[in-house]
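Below is one structure, written out as structure tokens, with a few remarks after it.
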Amino acid sequence: MHELGLLKTVVTAVEKAVADTDAPVEAVGLRVGTLSGAVPEALLGSWPIAIAGTRLAGARLDIEVVAAQVWCSACQKAQEVDEFFALTCPACGVGCGNLIHGREFEVAFADVADTA
Ligand SMILES: [Zn+2]
């Protein structure tokens, strides 16, 4: 499954980021754009499989969905676009190829348990 492969890279990145502590990882935040190609529901479904047997086992997955936005030079502002819509301004209909948000797939945070 596509999402499982993506999550494996997330797990590896987080494991590296928390390598200096032994505290368990409680939660991982992901920023996922609506045009990233990753489906949040599928990510959540694959999460337990991706973290099984890793340092992240038991961690919660928080997904922040980032709406796709284009910069419309006619409106002079950012406009949210439908994920299946062409890169056309929803307000004025002018085609604007300047996607400024929507392709995000990145780790937003990793929370480790407070052992103090
Ligand atoms: Zn416009």
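Basis for what follows: all heavy atoms, side chains included, without hydrogens, waters or symmetry-related copies. Whatever order the structure lists them in is the order used to number ligands and atoms, beginning at 1.
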Below 2.8 Å, any N, O or S contact between Cys96 and the Zn ion (ligand 1)? no

Rounded distance [0.5 Å steps], CD in Glu26 versus CZ in Arg60: 8.0 Å

Here the vertex angle at the Zn ion (ligand 1) for SG of Cys92 and SG of Cys89, given to 10°, is 110°

How wide is the angle at the Zn ion (ligand 1) between SG of Cys75 and SG of Cys72, to the nearest 10°? 110°

Restricting to non-hydrogen atoms, name the atom on Ala91 and the atom on Gln79 that form the minimum distance, rounded to 0.1 Å. CB-NE2, 3.4 Å

Do the side chains of Glu104 and Arg31 get close enough for a salt bridge, i.e. N-O under 4.0 angstrom? no

Would you sort out whether Glu15 and Arg55 count as a salt bridge (charged side-chain N to carboxylate O under 4.0 Å, His left out), showing the intermediate values? CA-CA 7 Å; Glu15 279 181 329; Arg55 268 209 58 189; over 6 Å; no

